[in-house]
There are 2 protein chains.
Amino acid sequence: MVIYEDLAETIKSGKWRPNTKLPSENELVAHYETSRETIRKALNLLSQNGYIQKMKGKGSFVLDVSRFDFPISGLVSFKEVAEKLGHDSKTIVEELELIKPNEEIRTRLNISHKDSVWKVIRSREINGERIILDKDFFNRKYVSHLTRDICEGSIYEYLEKEVGLKISFAKKEISVDELTEEDHRYLDLKEYDHVVVVRNYVYLEDASLFQYTESRHRLDKFRFVEFARRGV
Amino acid sequence: MVIYEDLAETIKSGKWRPNTKLPSENELVAHYETSRETIRKALNLLSQNGYIQKMKGKGSFVLDVSRFDFPISGLVSFKEVAEKLGHDSKTIVEELELIKPNEEIRTRLNISHKDSVWKVIRSREINGERIILDKDFFNRKYVSHLTRDICEGSIYEYLEKEVGLKISFAKKEISVDELTEEDHRYLDLKEYDHVVVVRNYVYLEDASLFQYTESRHRLDKFRFVEFARRGV
DNA sequence: AAGTGGTCTAGACCACCAT
DNA sequence: TGGTGGTCTAGACCACTTC
């Protein structure tokens, strides 16, 4: 939605300070030359995403977004986050192969032993330390082709732009697990004896499960931020 | 919204199996005797919350909610979660006092040294082990009165039903921290030398920050689940 | 009383899907 | 082609806030 983007951009740019009042819905209707429902849909999105607070009888007010820094919320990829933070980051493709899934992966991807699966293991280096280990498993039915080159960049970008897959939603699970032999091999662990594990089940537009990802973070470098509205 | 509740209930009850097609928007319009936009608002909520997947030209389909078990998502309290899981749980009020906030708390609650603050420390026992330590700080401006009795139940319930506070949104932050002296005192830590810390900044309807909470979980008992749609 | 957001309506046109 | 969801419109009535 173009109106949402426009308003969000104005707020993010700081042109409207926190706690100031937005133009009223009727004023926005006049400004964008559209209907009130359309304006309201844009404002509701802003509200959901923590940009504004709407108050009946009073108006809509800008929230202090600067405090909601660096959301790993949603489905943003490592590359996007690293770029946003301006960190020196590097991706190392440790393993890339087409496998017959074992039982764990079959269960997680909800497939049979006849299917084959792309297995990608990448470590992520930030400021010279390997602190994240990403293990991706793609159902081959949806991803026929994968190369080292692609894995070194953003797989998501490739899948969305080149393959044309439409990623729709995901279920995320965060927990803390004990170290595996792989963690030892591919991460600079220091003295820590656990990792934070983010498990992600990713679905396409037609609700088919096409990817399972395990993102293993060194304890001290993990951070997750979320904005949540009550009741929704 | 009553239509949303009704549809969500039908799905949760299992009356509509996963992957089955919902009645079309027009059919729902006829059934609920309302307008299409109203139906669409309800369906959009269901989609956001992971109940259904909408497909252009095809219809809306029930997702498998059973996999999205036990969301700590949003602002649900310990009590609600424990009850949902049917666990043997107990709350111990370790400390309750009105304090002059130190610098850390002043910063977190964004208040001055003249303000006073309720400090509540509670440990949470599940199946005989104290595994969560909740530290709550309430700006006294909004919470004038607090007793041990209230803290043993649900403070949120008290604040919303008795005091009439309208909780609106929150910013949540998850990280892993080293143990403090308090963790040692109030938790059964086993061999673990870190805790998962969930920091919550809670805001009222008028966007005023009234509470800061630190929820400290034993590593092995922490779990966080989230459903997320791409792009939103 | 005037202005604000909250909710709903009846209708329109479009893009996509199955047939 | 007919049915589906996606988007938008112009208008209405309500509840709340402010003056």
Side-chain angles (χ1 to χ4, degrees), chain A residues 1-7 11 16 19-63 164-169 203-208 229-232, chain B residues 1-7 11 16 19-63 164-169 203-208 229-232:
Chain A
M1 166 89 75
V2 59
I3 299 178
Y4 166 77
E5 300 288 353
D6 192 31
L7 294 173
I11 293 173
W16 288 340
N19 298 318
T20 57
K21 190 170 161 302
L22 260 69
S24 78
E25 296 184 349
N26 284 323
E27 287 167 327
L28 290 172
V29 164
H31 181 268
Y32 286 102
E33 298 181 319
T34 178
S35 73
R36 195 171 151 228
E37 278 290 352
T38 303
I39 292 294
R40 283 181 54 70
K41 279 172 189 166
L43 293 182
N44 281 333
L45 258 189
L46 290 171
S47 167
Q48 268 173 44
N49 295 350
Y51 288 103
I52 64 170
Q53 180 75 354
K54 311 177 79 181
M55 288 186 258
K56 200 188 290 191
K58 291 189 180 171
S60 298
F61 297 82
V62 178
L63 291 178
L165 290 185
K166 303 263 174 67
I167 293 162
S168 181
F169 61 92
Y203 295 78
L204 300 175
E205 227 178 13
D206 65 352
S208 54
R229 294 208 92 97
R230 179 72 155 176
V232 177
Chain B
M1 167 88 75
V2 59
I3 299 178
Y4 166 76
E5 301 287 353
D6 192 31
L7 294 172
I11 293 173
W16 289 339
N19 298 317
T20 57
K21 188 169 162 303
L22 261 69
S24 78
E25 296 184 349
N26 284 323
E27 286 168 328
L28 290 170
V29 164
H31 181 267
Y32 285 103
E33 297 180 319
T34 178
S35 72
R36 193 169 153 231
E37 278 290 354
T38 303
I39 292 294
R40 284 181 54 72
K41 279 173 189 165
L43 293 182
N44 281 333
L45 258 189
L46 290 172
S47 167
Q48 269 172 44
N49 296 350
Y51 288 103
I52 64 171
Q53 180 75 352
K54 311 177 80 180
M55 287 186 258
K56 201 188 289 191
K58 291 190 182 172
S60 298
F61 297 82
V62 178
L63 290 178
L165 291 184
K166 302 262 175 69
I167 293 163
S168 180
F169 62 93
Y203 295 78
L204 300 176
E205 228 178 13
D206 65 352
S208 54
R229 285 210 169 257
R230 178 74 154 177
V232 176

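Letters A, B, ... are given to chains in the order of the sequence lines, protein chains preceding strands, and every chain is numbered from 1.
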Tell me whether the side-chain N/O atoms of [X] come closer than 4.0 Å to OP1 or OP2 in [N].
X       : N     : answer
B:Arg40 : D:dG5 : no
B:Thr38 : C:dT7 : no
A:Lys54 : C:dG6 : yes
B:Ser24 : D:dT4 : yes

Round to the nearest Å and state the distance from [X] atom [atom1] to [N] atom [atom2].
X        : N      : atom1 : atom2 : result
B:Glu25  : D:dG6  : CD    : P     : 6 Å
B:Met55  : C:dA18 : CE    : C1'   : 14 Å
B:Asp206 : C:dG5  : CG    : C1'   : 16 Å
B:Phe61  : C:dA18 : CZ    : C1'   : 12 Å
B:Tyr32  : C:dT7  : OH    : P     : 18 Å
A:Ile3   : D:dG6  : CD1   : P     : 19 Å
A:Lys166 : C:dC16 : NZ    : C1'   : 11 Å
A:Leu22  : C:dT4  : CG    : P     : 12 Å

Take atom CG of B:Asp6 as the centre, draw a 6.0 Å sphere, and report whether it contains more than 12 heavy atoms from other residues, nucleotides or ligands. yes
query = Charged N to carboxylate O below 4.0 Å: is that the case for B:Lys58 and A:Glu205?
reply = no
Heavy-atom nearest nucleotide on DNA chain D taken for B:Ser60 and for A:Glu33; more 5' hit belongs to B:Ser60
Judged by nearest nucleotide, the residue sitting upstream toward the 5' end of DNA chain D, A:Thr34 or B:Lys58, is B:Lys58
Checking C:dC8, C:dT7, C:dA12 against the side chain of B:Arg36 (C-beta onward), the nearest is C:dA12
Side-chain contact check for A:Lys56: nearest option of D:dA15, C:dA15, D:dT7 is D:dA15
When every non-hydrogen atom of A:Leu204 is compared with those of A:Phe169, the smallest separation belongs to O-CE2, 4.3 Å
Nearest heavy-atom approach of A:Met55 to B:Asp206 is SD-CA, 3.6 Å
Of A:Gly59 and B:Lys41, the one whose closest nucleotide on DNA chain C sits nearer the 5' end is A:Gly59
Report task. Check the angle between the aromatic planes of B:Tyr4 and B:Tyr51 and answer parallel, tilted or perpendicular using the 30° and 60° thresholds. Result -> perpendicular
